[in-house]
> 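Just passing along the structure, written as structure tokens.
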Amino acid sequence: MKYFISKATLILSSVLLLASQANAASPITLVVPFSTGASNDSIARVIAPLLSDKLKRPVIVENRAGAAGVIGSNYVAKAPNDGSTLLLTSSTFVTTAATQPSLPYDPIKSFTPVAMIGQGPLVIAVPAQKPYASLSDVMNKARMSPGAVNYGSSGIGSLAHLATTLMEDSADVKMTHVPYKGAANAAADLAGERLDIMLANYSSLAPLLPTGKVKLLATTAPGVHPAFPDLPPASQTLPGYDVDIWVGIFAPAGTSPEFIETLNEALNEISQSKQLARLLEMDGTVPSAMSSEEFAQRVSGDLERWKKLADQHQIQAN
């Protein structure tokens with residue numbers, strides 16, 4: 001028996017093959033929804049060449065900053081789900097969704113979580129000249145004088161704001177929130193003793209530590225963190241208290257499961273690389289390796305947690 005393949009079938013097969021090959025070599029745009037030089041941007045620029053080498057495709061970092069990450073996230077949510085556009089963002093992705101009255105995308109339905117790159121605690125700092133030797137000292141002052149203790153954050157609805165609100169709930173105290181436009185401005189006022197306490201990622205406070213004007217009291221990790229072995233966890237004072245900040249990569253919803261799995265495997269390997277580890281260590285971030293499904297569960301769990309807290313305290317980002 002002889003089999004005949006039509007000319008049209010051969011042409012169609014050739015076109016599909018060429019299209020597949022072209023897509024395999026086409027660039028991937030890794031969108032960072034924050035400005036150049038920010039920590040997420042630095043991480044993306046280390047990941048890009050490593051991912052390019054693994055996938056044999058160019059990976060280009062593109063910054064689309066604004067609106068607490070909403071502009072860049074929306075760009076990726078609306079991008080084709082052909083694997084050509086990815087989002088690298090942080091826990092801000094869920095805190096923004098929890099505190100913004102409306103978004104141009106659905107934080108769960110518009111994306112497929114691909115991989116968590118790393119996670120780490122916030123650090124808890126006070127002015128060195130204030131009479132606080134421990135987190136308990138700050139909480140006791142807040143308990144004795146409701147509203148007298150001021151805390152700063154990088155803005156209303158930021159992770160630091162929500163994490164400190166959770167701390168107030170855990171300690172059953174009331175402090176006064178002073179929001180700033182960015183953690184650096186808050187840190188400067190902490191050093192100037194205009195604030196009593198501040199929760200932030202380590203890199204925001206590190207430049208002030210050598211001046212002796214700011215000291216660290218604890219971390220928000222559930223236990224002693226390997227990056228901060230000399231700092232006790234806040235949970236020693238507030239049992240069950242646990243907050244961290246993560247960095248992860250998302251794809252538009254509907255992206256091929258096969259490609260998501262390929263990306264997940266590649267990124268899990270990259271997260272353990274020496275090049276990335278050196279950068280993550282600077283902020284006390286520990287590399288992570290989890291499946292896309294596990295990362296999706298983490299994202300939805302964080303969103304539920306912060307949305308509940310924001311609703312309870314009527315926290316709404318500007």
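Because only heavy atoms are used, hydrogens play no part in the values below, and waters and symmetry mates are left out as well, while side chains stay in.
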> Who pairs with Y105 by ring-ring contact (aromatic ring centres under 6.0 Å, His included), at least two apart in sequence or on another chain?
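Listed in chain order: F111.
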> Does this structure show an ion pair linking D196 with K130, if we count only N-O contacts that are shorter than 4.0 Å?
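Salt bridge present between D196 and K130.
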> Would R298 and D244 count as a salt bridge (charged side-chain N to carboxylate O under 4.0 Å, His left out) if you check the C-alpha gap in whole Å, the side-chain angles of each, and the deciding distance to 0.1 Å?
CA-CA 12 Å; R298 174 61 190 276; D244 69 5; 2.4 Å; yes
> So does L50 get a backbone contact from the side chain of D53, meaning a donor-acceptor N/O pair under 3.5 Å?
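Absent.
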> Check for me, please, whether V61 and Y75 land in the same ILVMFWY cluster - side-chain distances under 4.5 Å, paths through other members count.
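No, because V61 and Y75 fall into different hydrophobic clusters, even though each may have its own neighbours under 4.5 Å.
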> So which atom in P58 and which in S26 form the shortest heavy-atom distance, rounded to 0.1 Å?
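Closest heavy-atom pair between P58 and S26: CD-O, 4.1 Å.
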> Is there a side-chain contact between L87 and S73 (heavy atoms, below 4.5 Å)?
yes
> Within the side chain of T255, is there an N or O that forms a donor-acceptor pair under 3.5 Å with the backbone of A251?
no
> Nearest 0.5 Å please: distance from the OG atom of S204 over to the CG atom of D283.
7.0 Å
> Between the side chain of D82 and the main-chain N/O of S84, is any donor-acceptor distance below 3.5 Å?
yes
> Between S291 and N264, which heavy-atom pair has the shortest distance, and what is it?
C-ND2, 3.6 Å
> In the hydrophobic clustering (ILVMFWY, side-chain contacts below 4.5 Å, transitive), which residues join L190, or is it alone?
V123, V178, Y180, L195, M198, Y202, L205, L208, L209, V214, L216, F228, L231
> Applying side chain to side chain contact (heavy atoms under 4.5 Å, CB included) to Y151 and T176, what does each step give before you reach the verdict?
CA-CA 6 Å; Y151 74 91; T176 299; over 6 Å; no
> Of all heavy-atom pairs between P27 and R57, which one has the smallest distance, and what is that distance?
O-NH2, 3.9 Å
> Taking all heavy atoms of T112 and all of A253, pick out the closest pair and write down the distance.
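In terms of heavy atoms, the two residues are closest at OG1-CA, 3.7 Å.
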> Would the number of heavy atoms belonging to other residues, nucleotides or ligands and lying under 6.0 Å from NZ of K78 be above 12?
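More than 12 heavy atoms, drawn from other residues, nucleotides or ligands, come within 6.0 Å of this atom.
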> Return each pair, listed once, that meets side-chain hydrogen bond (donor to acceptor under 3.5 Å, both in side chains) where at least one residue sits in residues 27-46; pairs must be two or more places apart or across chains.
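Found T36-N63, D41-R45, D41-N63, R45-N63.
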> Between L88 and V247, what is the shortest heavy-atom contact and its length?
CD2-CG1, 3.8 Å
> Measure the shortest side-chain to side-chain distance between P121 and H225 over non-hydrogen atoms and say whether it is less than 4.5 angstrom.
yes
> Please say which of H313, H177, M175, M139 ends up in a side-chain contact (heavy atoms from CB on, under 4.5 Å) with E168.
M175
> Salt bridge or not between K174 and D169? Use side-chain N to carboxylate O under 4.0 Å.
no
> Please answer whether the main-chain N or O of L238 pairs with a side-chain N or O of S235 as donor and acceptor at a distance below 3.5 Å.
no
> Given side chain to side chain contact (heavy atoms under 4.5 Å, CB included), test S158 with T95 step by step and report yes or no.
CA-CA 6 Å; S158 63; T95 57; 6.0 Å; no
> Are the side chains of T99 and Q316 in contact, using a 4.5 Å heavy-atom criterion?
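Q316 vs T99: side chains apart.
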> Out of curiosity, N268 CG to M116 CE, how far, rounded to the nearest 0.5 Å?
10.5 Å
> Once rounded to the nearest 0.5 Å, what's the spacing between atom CG of L303 and atom NZ of K308?
13.5 Å
> Is it true that atom CD of Q272 has more than 12 heavy atoms of other residues, nucleotides or ligands lying nearer than 6.0 Å?
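Yes, the 6.0 Å shell around CD holds more than 12 heavy atoms from other groups.
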> Rounded to the nearest 0.5 Å, how far does CD1 of I124 lie from NZ of K215?
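Rounded to the nearest 0.5 Å, the NZ-CD1 separation comes to 13.5 Å.
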> Could you pull out all residues at least two apart from E281 that satisfy side-chain contact (heavy atoms from CB on, under 4.5 Å)?
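side-chain contact (heavy atoms from CB on, under 4.5 Å) check on E281 returns A277.
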> Can you name the closest pair of heavy atoms from T85 and P252 and give their distance?
O-CD, 3.2 Å
> Taking the hydrophobic residues Ile, Leu, Val, Met, Phe, Trp and Tyr, and joining any pair whose side-chain heavy atoms are under 4.5 Å apart, which ones share a cluster with V286?
none
> Indicate if F34 and L122 have the same hydrophobic cluster label, given that clusters are the connected sets of ILVMFWY residues with side-chain heavy-atom separations under 4.5 angstrom.
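Hydrophobic grouping puts F34 apart from L122.
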> Looking at side-chain heavy atoms only, is the closest gap between H161 and I315 below 4.5 Å?
yes
> For E304, which residues count as a salt bridge (Lys or Arg N to Asp or Glu O under 4.0 Å) partner, sequence neighbours excluded?
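In terms of salt bridge (Lys or Arg N to Asp or Glu O under 4.0 Å), with neighbours along the sequence ignored, E304 is linked to no residue.
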> Are I117 and V59 linked, directly or through other ILVMFWY residues, by side chains that come within less than 4.5 angstrom of each other?
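Same cluster.
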> Please confirm whether the backbone N or O of I270 pairs with a side-chain atom of S273, one donor and one acceptor, at under 3.5 Å?
yes
> Quick check: are there more than 12 heavy atoms from other residues, nucleotides or ligands sitting under 6.0 Å from NZ of K54?
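Atom NZ in K54 is packed in, count exceeds 12.
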> Has the side chain of S154 got a donor or acceptor atom that lies under 3.5 Å from a matching backbone atom of G182?
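Here the side-chain-to-backbone pair does not exist.
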> With a 4.5 Å limit on heavy-atom distance, are the side chains of P104 and V70 in contact?
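Yes - at least one pair of side-chain heavy atoms lies under 4.5 Å apart.
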> Should L86 and I71 be counted in the same cluster of Ile, Leu, Val, Met, Phe, Trp and Tyr side chains packed under 4.5 Å apart?
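Different hydrophobic clusters.
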> Side chain of S110, backbone of P107: donor and acceptor closer than 3.5 Å?
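Side chain of S110 to backbone of P107: no pair is present.
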> Answer yes if V114 and V76 sit in the same cluster of Ile, Leu, Val, Met, Phe, Trp and Tyr residues linked by side chain heavy atoms under 4.5 Å apart, and no otherwise.
no
> Is there a donor-acceptor pair closer than 3.5 Å between any side-chain N or O of S292 and the backbone N or O of A115?
no
> Between L263 and I249, does a side chain to side chain contact (heavy atoms under 4.5 Å, CB included) hold up when you go through it step by step?
CA-CA 9 Å; L263 274 176; I249 290 182; 5.8 Å; no
> Please report the interatomic distance NZ(K307) to CD(Q100), rounded to the nearest 0.5 Å.
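Here the interatomic distance stands at 11.5 Å.
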> Do Y132 and I197 pass the side chain to side chain contact (heavy atoms under 4.5 Å, CB included) test, and can you show the C-alpha distance, the side-chain angles, and the key distance before you say yes or no?
CA-CA 10 Å; Y132 303 131; I197 188 170; over 6 Å; no
> Please confirm whether the backbone N or O of S288 pairs with a side-chain atom of S271, one donor and one acceptor, at under 3.5 Å?
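Looks like yes, one N/O pair under 3.5 Å.
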> When rounded to the nearest 0.5 angstrom, what distance separates CG in L279 from CD in Q275?
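Between atom CG of L279 and atom CD of Q275 there are 11.0 Å.
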